[in-house]
Amino acid sequence: MINKVAILASAKKTLLSESESIAKLADYLDEDFASAVEIIYNTTGRVVVTGIGKSAIIAAKIVASLNSTGTPSLFLHAAEAIHGDLGMVQPGDVVICISKSGNSPEIKVLAPLLKRFGNVLIGMTGNKNSFLAKESDYVLNAYVEAEADPNNLAPTNSTTAQLVLGDALTVCLIELRGFRSEDFAKYHPGGALGKKLLLRVGDMLDGTHMPMVSPDCSIKKAIVEISEKRLGVTAVIEDNKVVGIITDGDIRRMLNDRDNIAGVTAADIMTKSPKTIKSTDMAADALNTMENYAITQLVVADDGEYKGILHLHDILKEGIV
């Protein structure tokens, strides 16, 4: 019979075991780690990350992280490397070889070949006395006392340690390169993330639906304009400059406060100095402004010149949230 209490206890034990292993890695950082970062930062070649078994999976993830943050990298499976794929490694490339034991048969064949080619070899291993460690120019210490599983066999703590060391390398390189969100966007143009980083307010504006009235227009005309453009708002424009805004809420409050609306103009009920955003601003910034002020529309204006209305639905439609 399944015991849910035991399941939760086992899961908690695993998480604590892995977190403790990660915490200890900070004590293992040394000059080799700093030198490895400097070598990668200064290389004119690429970073080739290789490994065998579960370490190969971690290697592929590290490659993905490096590529997306401005460090050209490629993945090389250690087993395939010694059967023809070693041609992927070019002069000037820096090679990171990942192995928990550092003594895998494929690693013992591969490491000397890489050294013979003259490439800088960075070994990431949990065994500083291993073959890989002795062959490497720099060693990243990924030692863990034990795996999280009760048999001390399944790669758990060890692969987590490798992954975290790869993240540490990546973040150090991000900081050295002064890598910004704008740079990050270049490598992530697709999906919600790409839109969040690249899409600007002007990209979402519908030029055919620009509700606007003059300050002296009648309330009836303002209501018609709001209804026809279906954005729940109209800008009040004078000399193509935004002087105010009228929302559905403004109309309702006016009708609640006044028995007679004859002679009431847009200027009488408009909100002066409304929240605005430029067409060149990021869509994500527009969303933040809406959230901060609990509003669903923003007037888009460039140096006061009216460009249109951005509605929350426009942002939701693009899948940024």
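Being a predicted model, the structure only gives us computed values, none of them experimental.
- How far CG of Leu287 is from CG of Asn292: 9.0 Å, rounded to the nearest 0.5 Å.
- Note: Thr69 OG1 to Glu175 CD = 11.5 Å, rounded to the nearest 0.5 Å.
- Between the side chain of Ser130 and the backbone N or O of Ala133 there is at least one donor-acceptor pair closer than 3.5 Å.
- Leu205 and Ile237 end up in different hydrophobic clusters when Ile, Leu, Val, Met, Phe, Trp and Tyr side chains are linked at under 4.5 Å.
- Closest approach of Glu106 to Ala79, counting heavy atoms only: CG-CA, 4.2 Å.
- Although no hydrogens or angles enter the test, the distance criterion places no donor-acceptor pair under 3.5 Å between the side chain of Asn127 and the main chain of Gly102.
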| task | Please test Ile58 against Met124 for side-chain contact (heavy atoms from CB on, under 4.5 Å), starting from the C-alpha separation and ending with a verdict. | result | CA-CA 11 Å; Ile58 299 301; Met124 183 187 296; 5.9 Å; no
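- Proximity of Val242 to Val236: side-chain heavy atoms (C-beta onward) are nowhere separated by under 4.5 Å.
- No hydrogens or angles considered: a donor-acceptor pair under 3.5 Å links the side chains of Arg177 and Thr71.
- No continuous path of ILVMFWY side-chain contacts below 4.5 Å connects Phe179 to Leu169, so the two sit in separate hydrophobic clusters.
- The structure places CD of Glu228 at 9.5 Å from NE2 of His209, a figure rounded to the nearest 0.5 Å.
- Under the 3.5 Å distance criterion, the side-chain polar atoms of Ser19 are matched with a main-chain donor or acceptor of Leu16.
- Checked by atom type and distance alone, the side chain of Thr43 pairs as donor or acceptor with a backbone atom of Gly92 at under 3.5 Å.
- No continuous path of ILVMFWY side-chain contacts below 4.5 Å connects Val95 to Val49, so the two sit in separate hydrophobic clusters.
- Taking the charged nitrogens against the carboxylate oxygens, Glu135 and Lys108 have no contact shorter than 4.0 Å, which rules out a salt bridge.
- Residues Cys97 and Leu132 have side chains in contact (heavy-atom distance under 4.5 Å, counting atoms from C-beta outward).
- Side-chain contact check for Thr265 and Asp268: at least one donor-acceptor pair (N or O, by modelled atom type) lies under 3.5 Å.
- Proximity of a side-chain donor or acceptor of Asn42 to a complementary backbone N or O of Glu38 within less than 3.5 Å is detected.
- The nearest pair of heavy atoms linking Ser99 to Ser55 is CA-OG, 4.1 Å.
- Heavy-atom minimum distance, Pro215 versus Val243: CG-CG2, 4.1 Å.
- Looking at Ile226 and Leu231, their side chains never come closer than 4.5 Å, going by heavy atoms from C-beta outward.
- Formation of a donor-acceptor pair under 3.5 Å by the Thr296 side chain with backbone atoms of Leu312 is not found in this model.
- Atom CG of Asp303 has 12 or fewer neighbouring heavy atoms from other residues, nucleotides or ligands inside a 6.0 Å radius.
- Between Thr234 and Ile245, every side-chain heavy-atom pair lies at or beyond the 4.5 Å cut-off.
- Residues Lys241 and Tyr306 have side chains not in contact (no heavy-atom distance under 4.5 Å, counting atoms from C-beta outward).
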| CA sep, side-chain torsions, deciding dist, call: Asp85, Leu76, side-chain contact (heavy atoms from CB on, under 4.5 Å) | CA-CA 7 Å; Asp85 282 0; Leu76 174 64; 3.6 Å; yes
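- A salt bridge links Arg253 with Asp250: the distance from a Lys NZ or Arg NE/NH1/NH2 to an Asp or Glu carboxylate oxygen falls below 4.0 Å.
- There is no side-chain donor-acceptor pair under 3.5 Å between Asp314 and His311.
- Counting heavy atoms from C-beta outward, Val300 and Ile309 have side chains that stay 4.5 Å or more apart.
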| field | Tyr41 and Leu173: CA distance, side-chain angles, deciding distance, side-chain contact (heavy atoms from CB on, under 4.5 Å) verdict | value | CA-CA 7 Å; Tyr41 175 70; Leu173 290 165; 3.9 Å; yes
| side chain to side chain donor-acceptor pair (under 3.5 Å) between Lys61 and Ser65: does it pass, once the steps are laid out? | CA-CA 6 Å; Lys61 189 275 177 186; Ser65 296; 2.9 Å; yes
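- One finds the NZ atom of Lys317 at 9.5 Å from the CE atom of Met204 (value rounded to the nearest 0.5 Å).
- A donor-acceptor pair is defined here as one N or O able to donate and one able to accept, closer than 3.5 Å; no such pair exists between the side chain of Ser10 and the backbone of Ala6.
- In summary, Lys128 and Asp30 engage in a salt bridge, as defined by a charged side-chain N under 4.0 Å from a carboxylate O.
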| query | How far apart are the C-alpha atoms of Ser73 and Asn67, what are their side-chain angles, what is the distance that settles it, and do they pass the side-chain contact (heavy atoms from CB on, under 4.5 Å) test? | reply | CA-CA 6 Å; Ser73 308; Asn67 277 327; 3.7 Å; yes
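- Taking each heavy atom of Ala286 and Leu298 in turn, the nearest pair found is O-CD1, 3.7 Å.
- The environment of Asp27 atom CG is dense: over 12 non-hydrogen atoms of other residues, nucleotides or ligands sit within 6.0 angstrom.
- Glu225 and Lys229 are joined by a salt bridge, as a carboxylate oxygen and a charged side-chain nitrogen come within less than 4.0 angstrom of each other.
- Between Lys115 and Leu121, the shortest heavy-atom distance links the atoms CD-CB, 3.9 Å.
- The distance from the NZ atom of Lys100 to the CD1 atom of Ile52 is 15.5 Å, given to the nearest 0.5 Å.
- In the hydrophobic clustering of this structure, Leu153 does not group with Val144; members are Ile, Leu, Val, Met, Phe, Trp, Tyr whose side-chain heavy atoms approach within less than 4.5 Å, directly or through other members.
- Contact check for Phe33 versus Leu165: side-chain heavy atoms found under the 4.5 Å cut-off.
- We find that Asp216 and Lys221 are not joined by a salt bridge, their nearest charged nitrogen and carboxylate oxygen being 4.0 Å or further apart.
- Rounding to the nearest 0.5 Å gives a distance of 10.0 Å between CG of Leu86 and CZ of Arg116.
- Annotation for Leu25 and Ala142: closest pair CD2-CA, 4.1 Å, computed over non-hydrogen atoms.
- The shortest distance between side-chain heavy atoms of Met88 and Val48 does not fall below 4.5 Å.
- Shown are Thr14, Asn157, Thr156, Thr159; of these, the side chain to side chain donor-acceptor pair (under 3.5 Å) with Glu147 is made only by Thr156.
- Between Arg46 and Asp93 there is a salt bridge, with a side-chain nitrogen of the basic residue lying less than 4.0 Å from a carboxylate oxygen of the acidic one.
- Remark: side-chain polar atoms of Ser21 are paired, donor with acceptor, to backbone N or O of Ser17 under 3.5 angstrom.
- The hydrophobic cluster containing Val63 also contains Leu163, counting ILVMFWY residues as joined when their side-chain heavy atoms lie under 4.5 angstrom apart, directly or transitively.
- In terms of the side-chain hydrogen bond (donor to acceptor under 3.5 Å, both in side chains) criterion, residue partners of Asn240 (sequence neighbours excluded) are, by chain and number, Glu305.
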